[in-house]
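Each remark here refers to the structure printed beneath this line.
What you are looking at is a predicted structure, and each value in this text was computed from that prediction instead of being measured. Note on naming: letters A, B, ... go to the chains in the order of the sequence lines (proteins, then strands), and numbering restarts at 1 for each one.
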Amino acid sequence: MTYFFLLMDFASIEQKWQEKWYSNRIYEARKEKGRKYFIHFAYPGISGYLHVGHMRGFTYADIIARYMRMNGYDVIFPAGFHATGLPAVSLAKKVARGDEATIEYLRRNGCPEDIIEKLSDPVEVVKFFSRVYVEDYWKKFGFLIDYTRLMDTISPGYKRFIQWQFRRLHELNLLVQKPHFAPFCPNCGPVAVDRSETDISEGGDAEILEFVIIKFRMDDKILPAATLRPETIFGVTNMWVNDEVEYVIAKVGEEEWILSEKAAKKLSYQMDGVEVVGKIHGKELVGKKCMAPVVEREIPIFAAKFASPDIATGLVMSVPAHAPYDYVALRDIGMPVEPIVIIEIEGYEIPAKEIVEKMGIKNQEDVEKLEEATQIIYKEEFHKGIMNENCNGYAGMPVNDAKERIKEEMMSSGIASMMREFSKRVVCRCGEEVVIKRIPNQWFIKYSDEELTEKSKEWVKEMNIYPKEYKEELPKILEWYGDRACIRQGSWLGTPFPFDESWVIEPISDSTIYPAYYIISKYVNEGKIKAEEMDDEFFDYVFLGKGEAKNDVWKEIRKEFEYWYPVDINLGGKEHKTVHFPVFIMNHVAIFPQKYWPRGIFAHWWVTQKAGMKISKSKGGAKPIPDAAQRYGVDSLRLYYAHIGSPFVDIEWDDEAVEQYKKRIIRLWNLFEELVALEGKENKIDEWLAAAFNDKLLAAKEAMKEFELRKAANALFFEIPNIFSWYMKRGGENKSVVMELVKKWVRAIAPFTPHIAEEMWEKIGGDGFVSLQKYPGVEGIDKSILKAEELLISLTEDIDEIIKVTQIKPSKIYIYTAPQWKWDVVEIAKKLQQEKRLDMKNLMNEIKKMGVNMKEAAQFANKLIQQMRKEEFIRIDEKEYFETAKEFLEREFGANILIYSGDEECYDPANKRRHAMPYKPAIYIE
RNA sequence: GCGAGGGUAGCCAAGCCAGGUCCAAGGCGGCAGACUCAAGAUCUGCUGGCGUAGGCCAUCGCCGGUUCAAAUCCGGCCCCUCGCACCA
C-alpha cells in the first residue's frame, strides 16, 4: 500500500483522460436525446490570474453538468469572458505605468516576459488571459465546457448583439434619460471610483453622500450650510465659520452665496451658473448675524476650527443639542447660546451634551471620539427619535420620516438645495482631486418599471433558485432595484451605445442576456457567420422568431436557440445576488417571450483566506491554480470544493484540509483495488451490502435533486466506502456482488472525481468513457436486512460496553432474543397505533387476553410504547440473523457466542433473558 | 437604516426547512495500539462526565415558551459576518 502512495501519479492520470475527452470532443453540446440542460456560470471578468478560491463555483458547474449528462440530458455548458469593465483595463494600466507589484505578480505566476510587455494593451490582456483560463484552469480541471462556444464581450459580433438588445429596450420604453451625478476628474474626464483604484490613486472606497444645503440669509447674501441632517434645522442656535479661512462670494443663479473656494469649484460641476465674484474672510463673518429659514430665527455666527473648507460648503449650522461637534465647539467658547432640544429619545435629555460628557470629550480637537459620538447619536436619533413640540408641523413624527419630508419641503420651496460630496478625499491618478459632476442627460435602464418588476417577481416564483433563502430574498431585491445608469464616457472597453456612439455601455448592462449569444458564438467561431451579417433582422429572427431566415445558417441557429434555450441554471458567486442575477432575470423578462425566461439560479459562497493571511503572498490560498492542481491532484481539489462545506457558506482555504482530501482519494483507490481483488463466495452479508449500498446511492441522488453537492459527496465518498469496508470486515468476499456494486459506484462518483473514475472504469473493463455512462439507478432496498445489520452493530456495541464496565475477560457470551409473545405484543401495538389508540390502558387490555406474566408484560409494554414513537418495528428473525454472524462475533470478541431464542430452554444464571425485547436482545457474559 | 446570513464539543464543519433513530455525521488535533531499526505514511480503537451489565447525567450563544419529546418549532435578548449600486 505504501508504495502506491508514491506511485499514485495524479498528473499523468489527469492528462491521459483529459486528452481522451478533448480529442473525442465529448464536451460538445449535441441535440440527441430530446431533453436538454443549459448550465453556465457567470463568466469571469478578466482580472489577471485567478486563485484556487475562484475554482469553487466553476467546479460546481462542471459537477452538475456532468451529473445531468449522465442522467440522460443533452447538456450545453458554455463559457466565456467578461472583458468589458474595469479589471482588464485596470491591469493594462498598471502594466503601462510599470507598476512594480503588478509586474512581479505576473512573473511569479509564470507570465513570459514578451507577454508582459504586450499587456499594457487591455485587448492583449483579454486575449492572453482568456487562454490562461481555458488552458491552465478549466481544461486542467477536466471541465467538460463546450469549448467550441467560447466568446468574449468585446468581439464585433457580441457588440452587435448588445446594440440589438439596447434598441429592443428602447422600443420597450425601458431606456430613460435623466440627470445623474458621477465621479469626474477635471483633467482626465470621467473616472471610476472603485476599490481596485484603476483610475484613482486614493479613496477607492469613498461613498457619495448627499448633503442638504440650507440657505441662511445674511443681508443680501446667502450662507449655505451643508448638513446630512436637515431635520435638525429646528434646533439651530448659531452658524459656524472657520475664522482662518478666506471664503468666496459666488453667484449661484440669481443669488450670491458665501462658501469656501473649493466648495464653489465643486458646486460648479453640479449646478449651472456658479461664478466667483468676490472674497470674504471668515473673520469678517464672525460676530455677524444671519436668518435661519423655516424657524425664522436670527442667529449669531461664531468661529469653529472643525468647520473645514474641504467638506461640502465649508459652512456648518450649529445644533448643539443633537450634534456633539457643535456642542463641544460652543462649550470651547463659553456657551454663549443654549442648546435647543428638538428630538425626544429615551435615555437622553440633551443627547449631544450627555454623550460628550459621558465619553469625556475635552474639546473640538478630540476628533476620534467626536466622530464616534456623532455616529452613536445619529443612529439612535434616526431610528428611535421622535420630533418634539419645537418642530411645528413635524411634532410627534419619527425622525426618519421627518428627515425626508423636511428635505422635500425645503427643496421645493427653494430654501434648500443639494450637494453631492465624497465621504473621503478621492484623488485621480493625475494628482487632481476628483469631483462629482452632474450629467444632465444620462441614460438609464428603467428597472423601476412597475410592469417589468411585477412580471419578474412573479417569474421568480417559477424558478429553481439555490439556496432557497435567496429565492425569498430575490423579490425584495427586484422591488428595491432602481434605474441603472447604463452608459458612461471614458476610455473603456465595451459596446458603443447605439443612440449616442460617443458613450459606452457599462459592464453590468452588457451582460444580462449573454447566454443567448452562446448559441451564436459557435457559428462565429466556426466562421459560418460574420459579424457584419448580424443585424437587427438577424437577431429578431433568431431570438424572437420574427421575419424570415435569409439563409440556412440562420435557420440552423434559430433551431439551436429553440432547442437549448432557456437557461436552466446560471451559477455564480454570492456577489451576484444583488447585481447580476436581478438584471439577468429582468432583461430576459423584458426582451424574450416567456418560454425563454431563465429557469434557475445557483448562488454559491466564497473561498476566503485564513484570517490575517494576505492574498498573493507565498503561503495560503494564493498559490497559482496549476501549482495546486499539481500538488494535490485535480480530483482531490474537486472533492474538496464539493465536500468541505455546504455550497452556501464561505469556507476558509486550508492546505491541510486539501491534503486530507488527497489522502482520501488515495485511500479510495486502495479500497477499490482491494474490492476488485476479492475472489470469494456467497455470504449472508452480501444481501446487506446491496441494500446498504443502494440506500446510500438513493440518498446521494436525492441530494443531487436539489444540488446539495456536499450531501451527495458525503454519501458517495464517505458513507459508501465505509459500507464496503464494513462488508469486508464482516467477512464479505463475493466477487460478483462486489463487482456489480463497484461498477455502480464508479459511475456514481464520476461527476465529482472524473479522472480517477475513468481510471477505475478502465480497470474494471467498462465500456467507453465513464463520463458518458448512464448514472446508476437504485434497486430495491431491503429495509429489514438493513435493520437486522443495525441490530447486530448495536449488539456489538452493547457487548463492548458491558465488557468495558465490568472488565470481564469474556470466554462465553450468551445472547437471548425476545420470546414470541413479545413480538405478538408488538403486532398488537402496531395495530393500536394505526387506529390511533395506542396507550398503556388499551395495550394492557389486549395483553390480558394473552395469559402471560402481567408484571413482566407491563414493564415491557411501557418501554415498547416509548420505543414505538421513535421507530417502526419490522419483524426480524434476530436469532437466525445473528447465527449468520456468529463467526464474526467470535472473532471480534475472542469468545464463544451462544445464541438462544427467548422461547427455548437454556443456560441463564443471571436471569437476563427476561429483559430481552424485540430489537434488544438480552446479553450475559462470563 | 434597508436586505441577508450566522453563533454546534479543543478546532473546522454537518444536522435545523420536514421535532423523536442526536449520549450530535465527517474531518483536524489529541491518546493508545499494529506495521517499521526508527521516523513518516498507512491501518485499528478511544477521545463530555460518572458507572463492576448494555445505564444515568450534562452539552448545540443566553432567557423563556409550545410539546409526551427541542440543536431542530415560537417569542425575546446578546454577539459576529456580508451586500447596499454604476463596482465586477
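Between A:Phe752 and A:Phe717, the two ring planes are perpendicular [angle over 60°; tilted spans 30° to 60°]. The aromatic rings of A:Tyr514 and A:Tyr43 sit parallel to each other, their planes meeting at less than 30°, with 60° as the upper class boundary.
Figure legend. B:rC37 is base-paired to no nucleotide; pairs are counted as Watson-Crick or G-U wobble with both atom distances under 3.5 Å. When both pairing distances are held under 3.5 Å, B:rC73 makes a Watson-Crick or G-U pair with B:rG65.
For A:Phe129 and A:Tyr49, the ring centers sit closer than 6.0 Å to each other. A:Phe584 has its ring centre no less than 6.0 Å from the ring centre of A:His576.
Distance noted for atom C1' between B:rG65 and B:rC31: 43 Å (whole Å). Across B:rC73 and B:rA88, the matching P atoms stand 40 Å from one another, rounded to whole Å. Remark: the separation of the P atoms in B:rA13 and B:rG76 is 28 Å, to the nearest Å. Separating the C1' atom of B:rC60 from that of B:rU72 is a span of 10 Å, rounded to the nearest Å. Spacing of P atoms, B:rG27 relative to B:rG45, comes out at 11 Å, to the nearest Å. Taking atom P on both nucleotides, B:rC86 is separated from B:rC77 by 34 Å, rounded to a whole Å.
What separates CZ of A:Arg420 from P of B:rA85 is a distance of 14 Å, to the nearest Å. Distance, A:Ile208 CD1 to B:rC87 C1': 12 Å, rounded to whole Å. Between A:Leu478 atom CG and B:rG3 atom P there is a gap of 15 Å when expressed in whole angstrom units. Taking atom NE2 on A:His915 and atom C1' on B:rG55, their separation rounds to 12 Å, with Å as the unit.
Heavy atoms of A:Thr578 sit under 4.0 angstrom from primed sugar atoms or phosphate atoms, though from no base atom. Within 4.0 Å (heavy atoms only), A:Ala192 reaches sugar-phosphate atoms of the nucleic acid but no base atom. Within the nucleic acid shown, A:Gln807 has no heavy atom closer than 4.0 Å to any nucleic acid atom. As judged by a 4.0 angstrom heavy-atom cut-off over every strand, A:Ile923 is placed among the base-contacting residues. Here A:Pro582 lies out of heavy-atom contact (under 4.0 Å) with every strand. Within the 4.0 angstrom heavy-atom criterion, no nucleotide atom of any strand lies near A:Gln866. A:His576 comes within 4.0 angstrom of nothing in the nucleic acid, heavy atoms only. Counting any heavy atom pair closer than 4.0 Å across all strands shown, A:Ile925 reaches a base atom. At a threshold of 4.0 angstrom between heavy atoms, the contacts of A:Tyr470 with the nucleic acid are absent. Within the 4.0 angstrom heavy-atom criterion, base atoms lie near A:Arg710. At the heavy-atom level, A:Lys729 lies under 4.0 Å from the strands shown only through sugar-phosphate atoms. If you check every strand for non-hydrogen atoms under 4.0 Å, A:Ser511 touches nothing.
Taking the ring centre of A:Phe888 as origin, the terminal cationic atom of A:Arg730 falls inside the region bounded by 6.0 Å and 45° from the ring axis.
Put simply, A:Trp605 does not rest on the base of B:rG5: the two rings are not both less than 5.5 Å apart at their centres and under 30° in tilt.
Checked against A:Ile46 for a side chain to side chain contact (heavy atoms under 4.5 Å, CB included), the options A:Leu493, A:Thr153, A:Val125 give a single hit: A:Val125.
Of the side-chain N and O atoms in A:Lys574, none sit less than 4.0 angstrom from OP1 or OP2 of B:rG83.
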